[in-house]
Amino acid sequence: MKQRLYPTAGVAATFREWCGQERLLYNMAVEQYELAFSHRAYAAHPDEAVKTRLHWPSHGERDQQLTELRAMAAGDPELSWLLACPRKVQTQALRLVDQAYKNWWKRPDHFRRPTYRKRSGTQGFSMVGRGADFDVRRINRKWGETRLPKVGWVRFRLTHPWHRLEGVKSCRVTLDGSGRWHISFPGPQPEVEHTPTGAVVGLDMGVVATVTTSDGGQLSMPQLLTPEQVRRRKLLQRKLARQQKGSRRRNRTKLAMARLYATEADRRRDWVEKTSTALVRDHDVVVVEDLKVKNMVRRAKPKPDPIHPGTFLPNGASAKTGLNRSIHHHSWGAFRTRLTQKAEASGVEVLVVNPAFTSQRCSVCGHTDKKNRESQAVFSCRSCNHTDNADANAAANILAAGLAVTGRGGEPHRPRMGPGASDPLKRQPLARVAA
């Protein structure tokens, strides 16, 4: 539950110092891990003396080292800045490193290897122990306050129901690249208000229409920036390229660009949240494609020229770059993630099907041919002459495949038997399909 935080100028300066201390301790802990990791192969050798082996640093050992460092700072004026930060903020920084390495070891395909944090990235610090170290209270319907050690009460914009914040026991304060402060409270995914109706829907992801439903509807992500904002961002990019690195003017230009990027990200996130909530609220079963987005946005591989060594043939890299940019713009991965999270919390079933040939198969007769798709938007079956929007036809195939897996819809395709046959599957009312 992330909400906007509004600290005063003095409190913001204190928060920046705490963020710097968390970054310092985080990087020091990463260095300890990497040093132990580099000597692990030598320590496993049977002829090596046990006393010379380097072992993995434990949280208790690093906590003791932090205690010694703070005791040293009490008698050294040059290290007195360490005492200006609460002890729990520093302790939580070390725990973040432990959790980051645990995630990487358990799921290296999902979590990346922890690296050193930079000052230019998102900064933050964590606090635990509600009551003694921090607290939360409600001011009115729109505002709340959080109490943090050494700074007192700080206001934040209350954008979540208050009953969800009453039982929180920890928080994290962050500073993004555009200079905005946020406070986040952990909590379970809330349930979407949902009334079972038996409705089912298949979703096809695209770059023209972000989501096309099996009943022919199209949900497109709106333009995230106005033409004036796009033009301003291009001018700022040109201006940034001419400025000297590390200068104050260049930092101001980077801040202005970061605010435009933050506006774009906020509007994209807002559309994803509203669209996924509407789909979960109105349907009992949602069928989506199993798209490997990470693989789909890879750069085009170079094609060496066999006749002229050292040169390369055209590989369509420019077109592939534009496609990758469109996929990132429509945010397929974030949409599926939020849709799945809300569906699991609300009791809505999400089915994942193989997307192979769904755009080439006729949803009426089942004929599959790459020539059926004449263009990006036009689908014309070469067997039964059925014509439709290509994305809507693919969404109908996705729905039929999902229903075939669950046994709700029988065969994934329902061929027409003649002029008097029933409407195709994707044109039937959703309640009739579920029945």
Side-chain angles (χ1 to χ4, degrees), residues 1-30 62-63 65-97 99-100 116-139 142-160 165 168-186 246 248 251-252 254-256 258-259 262:
M1 296 172 287
K2 186 176 181 180
Q3 297 165 110
R4 184 74 180 272
L5 189 67
Y6 292 89
T8 62
V11 174
T14 302
F15 284 172
R16 286 190 176 89
E17 183 179 352
W18 294 0
C19 292
Q21 294 205 23
E22 183 191 83
R23 186 175 65 253
L24 170 66
L25 295 175
Y26 186 95
N27 292 341
M28 292 176 62
V30 169
R62 283 189 279 105
D63 191 70
Q65 294 173 0
L66 178 61
T67 302
E68 297 174 357
L69 185 61
R70 290 178 64 91
M72 186 185 305
D76 190 351
E78 295 183 357
L79 298 177
S80 59
W81 52 270
L82 281 171
L83 303 178
C85 180
R87 167 65 183 263
K88 277 204 171 181
V89 171
Q90 300 171 343
T91 303
Q92 290 303 310
L94 301 178
R95 291 185 180 273
L96 287 177
V97 183
Q99 188 62 43
Y116 296 107
R117 290 187 175 182
K118 299 181 180 179
R119 184 170 54 183
S120 58
T122 300
Q123 308 296 317
F125 60 89
S126 303
M127 182 63 62
V128 297
R130 182 174 179 178
D133 297 295
F134 88 98
D135 200 359
V136 181
R137 68 184 181 186
R138 184 178 182 180
I139 300 178
K142 295 184 177 181
W143 293 94
E145 281 185 328
T146 179
R147 177 175 56 82
L148 297 173
K150 299 181 181 292
V151 296
W153 293 96
V154 185
R155 291 198 312 165
F156 63 87
R157 185 69 166 85
L158 190 60
T159 55
H160 290 267
L165 274 68
V168 296
K169 298 181 180 180
S170 62
C171 69
R172 181 166 179 80
V173 178
T174 56
L175 173 66
D176 61 12
S178 61
R180 301 179 302 179
W181 289 96
H182 295 88
I183 185 169
S184 302
F185 302 99
R248 294 184 178 180
N251 292 335
R252 287 198 295 267
K254 290 174 61 178
L255 179 60
R259 289 173 178 171

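Keep in mind that this is a model prediction, so the values were computed, not measured.
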Calculate, to the nearest 0.5 Å, the distance between atoms [atom1] and [atom2] belonging to [X] and [Y] respectively.
X	Y	atom1	atom2	answer
Trp143	Tyr6	CH2	OH	5.0 Å
Arg147	Cys171	CZ	SG	11.0 Å
Gln3	Arg157	CD	CZ	9.5 Å
Leu69	Arg62	CG	CZ	13.5 Å

Heavy-atom side-chain proximity of [X] to [Y] below 4.5 angstrom:
X	Y	answer
Ser184	Met1	no
Trp18	Val173	no
Glu17	Gln21	yes
Val128	Lys169	no
Thr91	Leu66	yes
Arg117	Leu96	yes
Phe185	Ile183	yes
Leu5	Arg155	no

Grab the two heavy atoms, one from [X] and one from [Y], that are nearest each other, plus how far apart they are.
X	Y	answer
Leu24	Trp81	CD2-CH2, 3.4 Å
Pro7	Phe15	CB-CE1, 4.1 Å
Ser126	Arg172	OG-NH1, 2.7 Å
Ala73	Leu79	CB-O, 3.0 Å
Val168	Leu165	CG2-O, 3.1 Å
Pro149	Met127	CG-CE, 3.6 Å

Whether Asp133 side chain and Lys88 backbone form a donor-acceptor pair below 3.5 Å: no
Under a 3.5 Å distance rule, please check whether Ser80 uses its side chain to pair with a backbone N or O of Asp76 as donor and acceptor. no
Strictly by modelled atom types, are Gln90 and Glu22 linked by a side-chain donor-acceptor pair under 3.5 Å? no
Let me see the working for Phe125 and Thr174 under side-chain contact (heavy atoms from CB on, under 4.5 Å), right down to the final yes or no. CA-CA 7 Å; Phe125 60 89; Thr174 56; over 6 Å; no
Step by step, would you call Leu82 with Met72 a side-chain contact (heavy atoms from CB on, under 4.5 Å)? CA-CA 10 Å; Leu82 281 171; Met72 186 185 305; over 6 Å; no
Partners passing side-chain hydrogen bond (donor to acceptor under 3.5 Å, both in side chains) against Ser178 (at least two apart in sequence or in another chain): Asp176, Arg180
Using the rule given for side chain to side chain donor-acceptor pair (under 3.5 Å), can you reason through Gln123 versus Arg23, listing the C-alpha separation, both sets of side-chain angles and the distance that settles it, and then say yes or no? CA-CA 8 Å; Gln123 308 296 317; Arg23 186 175 65 253; 2.8 Å; yes
Going by side chain to side chain contact (heavy atoms under 4.5 Å, CB included), name the residues that satisfy it together with Lys118, two or more places apart in sequence or in a different chain. Ser120
Taking only residues two or more places apart in sequence or in another chain, which ones pass side chain to side chain contact (heavy atoms under 4.5 Å, CB included) with Ala71? none
Under the salt bridge (charged side-chain N to carboxylate O under 4.0 Å, His left out) rule, what do Arg138 and Glu145 come out as? Steps first, then yes or no, please. CA-CA 6 Å; Arg138 184 178 182 180; Glu145 281 185 328; over 6 Å; no
Verify salt bridge (charged side-chain N to carboxylate O under 4.0 Å, His left out) between Asp63 and Arg87, making sure each step is shown before the conclusion. CA-CA 10 Å; Asp63 191 70; Arg87 167 65 183 263; 3.0 Å; yes
Please evaluate residues Trp181 and Arg4 with respect to the criterion side-chain contact (heavy atoms from CB on, under 4.5 Å), reporting the C-alpha separation (whole Å), side-chain torsions for both, the decisive distance (0.1 Å), and the verdict. CA-CA 6 Å; Trp181 289 96; Arg4 184 74 180 272; 5.7 Å; no
Quick one, Lys142 with Leu158, criterion side-chain contact (heavy atoms from CB on, under 4.5 Å). Give me CA distance, side-chain angles, the key distance, then yes/no. CA-CA 5 Å; Lys142 295 184 177 181; Leu158 190 60; 5.7 Å; no
